[in-house]
Protein chains: 2
Amino acid sequence: MTTINDIAKLANVSRSTVSRHLNKNGYVSQEAQERIDKVIQETSYLPSQSAKSLRTKKTGVIGVILPKISTETASRVVDGINQMLQENDYQMLLTQTSLDKDKEIAFIKLLQSRNVDGVILLGTNTDEALVNEIQKADVPVVVLGQNMPSTTSISYPDYNATVEMITYMLENGYRDISFIGVPEDDPAVGILRKKAYIDTLKKYNLPILEERMAFGDFSIESGYDAMQTIMMHSSQPNAVFVVTDNMAVGAMQYLKENHYSIPKDIGMATTGVSRLSKYIEPVLTTIDFQNEDAGIAITRLLMEKLNGYNKTKKLTHTYRRLSGNSL
Amino acid sequence: MTTINDIAKLANVSRSTVSRHLNKNGYVSQEAQERIDKVIQETSYLPSQSAKSLRTKKTGVIGVILPKISTETASRVVDGINQMLQENDYQMLLTQTSLDKDKEIAFIKLLQSRNVDGVILLGTNTDEALVNEIQKADVPVVVLGQNMPSTTSISYPDYNATVEMITYMLENGYRDISFIGVPEDDPAVGILRKKAYIDTLKKYNLPILEERMAFGDFSIESGYDAMQTIMMHSSQPNAVFVVTDNMAVGAMQYLKENHYSIPKDIGMATTGVSRLSKYIEPVLTTIDFQNEDAGIAITRLLMEKLNGYNKTKKLTHTYRRLSGNSL
DNA sequence: CTGAAAGCGCTTACAG
DNA sequence: CTGAAAGCGCTTACAG
């Protein structure tokens, strides 16, 4: 392997001079520059980032922690993150927790031992242990998808967007709206979206019925099961709001298999927009959280922190409602 | 930041001993071990990977180069890669070329300067410049999706699977089958799948018509355009085979918009299985290349190389045909 | 404009 | 069983 010493020797300068030239700080004579460039060309020398990092305490690498890679929402966010990182000459170290909370904490540690310059966490909870770990991290950690205490984070407009959607359903005449959610250890998706559903029904003086609510674990299968649970009950709803698109797909499958027509027998709305949702029959009415933009936005906040801005910022991302024919 | 020196001092041993204990090589007395563990606990010490890498020339990081992250095929492959890497305690550095060939070469260099232990490339071409770069890399590079010269690689069964699908279409009575492909600088998708289409028609003594073929660039839009090009021609086909699912979605959109019914007016088959394809109407008949398994398999080959196996291996991945109602 | 020297935080023979 | 020493490949004041 070629090192800076080899280059120095071949170019007849000291390695300090080579380093100065490579990093474009300090003066290097024209002649020296040319000799160095020539030698670098010939040897196709590449500076060792390990050595560089050890000295400078910077790696140019950002760690990204996400629940699951092969999900459309996540891959879009990653796409946005990646764009922004590439613009800023950062590389991305990707880790996946498979929704295991312990791994979130473990990865924050591991990423630090890898000397990443910062961490982007796609949040699934705001447990105290996690908050503590983020606090004591000695690199900036930013969070997308949860309002993480004392941490720079971007939330999705879980409450408002859900209120708007439920209201929209009510205005379209649906009165018996059921709800498929996730457990409450996820404050954003589990608590806020459910609260929005309940609050909106109350506002319209409608009863909140336990049997109209069921909960899944983000998977397609769990959406199927939740829909089944709801429909097995004697008093059936005429609409359903599903908090994530994956579970909505499962719910749709259950309804199709059991010959309920959407929207004739039961209206459906959800959150998250699929690349294919335009082509599904029926086209789902959904809330688009614009994940790619969110990925860009959270990365921008991290870049700010890396540039010395050290106040905690809290943002809420935008959204738009996409109308289909499932209502 | 806590370093090995701090630990050594606090535990009253030399840093050699701490190192020996951490890496579990060489003897360390029970007492010393306990003192060290205690101090590590208290300080929540994490060894610097940069320093470690500089010494050992190993980083425990694998570089992954892919054309585009937010594509279902890619994210499934990444999922498989990630599973296998996690089992082997490796981390993943992810890069995206956006289908820019120069970036493939640039990333191979960049990843090396980051001292990755190996590289997995999702191949889009087998250009000489790329082959050379792979050859002269001083870490193992393995390739998925192309039969890369002189390189350990796993190909998809592009030719055979396509022959089988076209044959299946012919056996189902379709005679005027059109084809949507990609340019020939992609040997696997561009050349082999097209050749399979042509060879199979020839075998059935059917004419090969230029106007029955159109080409896109993997995007949904290009599939739309290609389908349009074909349908604008006076002699219309009664079926189409599209080489990728993304382009198939575009082609479907064109057909729907122009009130062609699938499969009544025109049958369709493609490659690649979408999470949602079961729920699209019609359900697409498709070839499933089982991308997650492919990701696992290519990572396994890389692990073998990392363990000293240095022969070049060439594998072809499996596939299965999924029948829908689009034919 | 340039080079010698120190040091980043580790590991690894080597000597004891 | 343990420690001193050398060295991995860089960068960065500092002196000239």
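Numbers restart at 1 for each chain; the letters A, B, ... are given by sequence-line order, proteins then strands. Quick caveat: nothing in here was measured; it's all calculated off a predicted structure.
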- line: Rounded to whole Å, CD of A/Gln33 lies from C1' of C/dC1 at a distance of 11 Å

- request: Specify the separation, in whole Å, of atom CG of A/Leu22 and atom C1' of D/dT12.
  value: 14 Å

A/Ser14 and A/Thr17 side chains, donor-acceptor separation under 3.5 Å: yes

- prompt: Does a nitrogen or oxygen in the side chain of B/Asn25 sit under 4.0 Å from OP1 or OP2 of C/dT12?
  reply: yes

task: Take atom CE of A/Met1 and atom C1' of D/dC8, then tell me their distance rounded to the nearest Å.
output: 9 Å

query: Where the side chain of A/Ala32 is defined as all heavy atoms beyond and including C-beta, which of C/dG7, C/dT2, D/dG3 is the nearest nucleotide?
result: C/dT2

message: What is the distance, to the nearest angstrom, from the CG atom on A/Asn5 to the C1' atom on D/dT11?
response: 13 Å

message: Regarding B/Thr3, tell me which of base, sugar-phosphate or nothing describes its non-hydrogen contacts under 4.0 Å with the strands shown.
response: sugar-phosphate

query: Nearest nucleotide by nearest heavy atom, which residue falls closer to the 5' end of DNA chain C, B/Ser16 or B/Leu54?
result: B/Leu54

message: What's A/Ser29 touching, base or sugar-phosphate or nothing? Going by heavy atoms closer than 4.0 Å.
response: sugar-phosphate

field: Pairing partner of C/dT2 (Watson-Crick or G-U wobble, both distances under 3.5 Å)
entry: D/dA15

- prompt: Using a cut-off of less than 4.0 Å, is there contact between a side-chain N or O of B/Tyr45 and OP1 or OP2 of C/dC10?
  reply: yes

message: In whole Å, I'd like the distance from the CD1 atom of B/Ile4 to the P atom of D/dT2.
response: 14 Å

- request: In whole angstrom, give the distance that lies between atom CD of B/Gln30 and atom P of D/dT2.
  value: 11 Å

- prompt: For the pair made of NZ in B/Lys9 and P in D/dT2, what is the distance, rounded to whole Å?
  reply: 19 Å

- line: Ranking A/Thr2 and A/Arg20 by the position along DNA chain D of their nearest nucleotide, the one closer to 5' is A/Thr2

message: Please check this pair: side chain of A/Gln96 against backbone of A/Ile69, looking for a donor-acceptor N/O pair closer than 3.5 Å.
response: yes

- prompt: Where does the angle between the aromatic ring planes of A/His317 and A/Tyr156 fall among parallel (under 30°), tilted (30 to 60°) and perpendicular (over 60°)?
  reply: perpendicular

query: Are any of B/Asn23's side-chain N or O atoms less than 4.0 Å away from OP1 or OP2 of C/dT11?
result: yes

NZ (B/Lys38) with more than 12 external heavy atoms under 6.0 Å: no

field: Spacing between A/Arg15 atom CZ and D/dA13 atom P, to the nearest angstrom
entry: 16 Å

field: Intermediate values then yes/no, side-chain hydrogen bond (donor to acceptor under 3.5 Å, both in side chains), A/Ser70 and A/Lys68
entry: CA-CA 6 Å; A/Ser70 62; A/Lys68 191 151 173 37; 3.3 Å; yes

message: Does A/Asn115 form a side-chain hydrogen bond (donor to acceptor under 3.5 Å, both in side chains) with A/Thr59? I'd like the steps, not just the answer.
response: CA-CA 6 Å; A/Asn115 303 302; A/Thr59 53; over 6 Å; no

field: Under 4.0 angstrom between A/Ser48 side-chain N/O and D/dC10 OP1 or OP2
entry: no

message: Side chain of A/Arg55, heavy atoms from C-beta onward: which of C/dC10, D/dG3, C/dC8 has the nearest atom to it?
response: C/dC8

message: Below the 4.0 Å mark, does D/dG9 have OP1 or OP2 next to a side-chain nitrogen or oxygen of A/Lys52?
response: no

message: Given D/dT2, C/dT12, C/dA6, identify the nucleotide with an atom nearest to the side chain of B/Ser19.
response: C/dT12

message: With a cut-off of less than 4.0 Å, is there a side-chain N or O of A/Lys57 near OP1 or OP2 of C/dG9?
response: yes

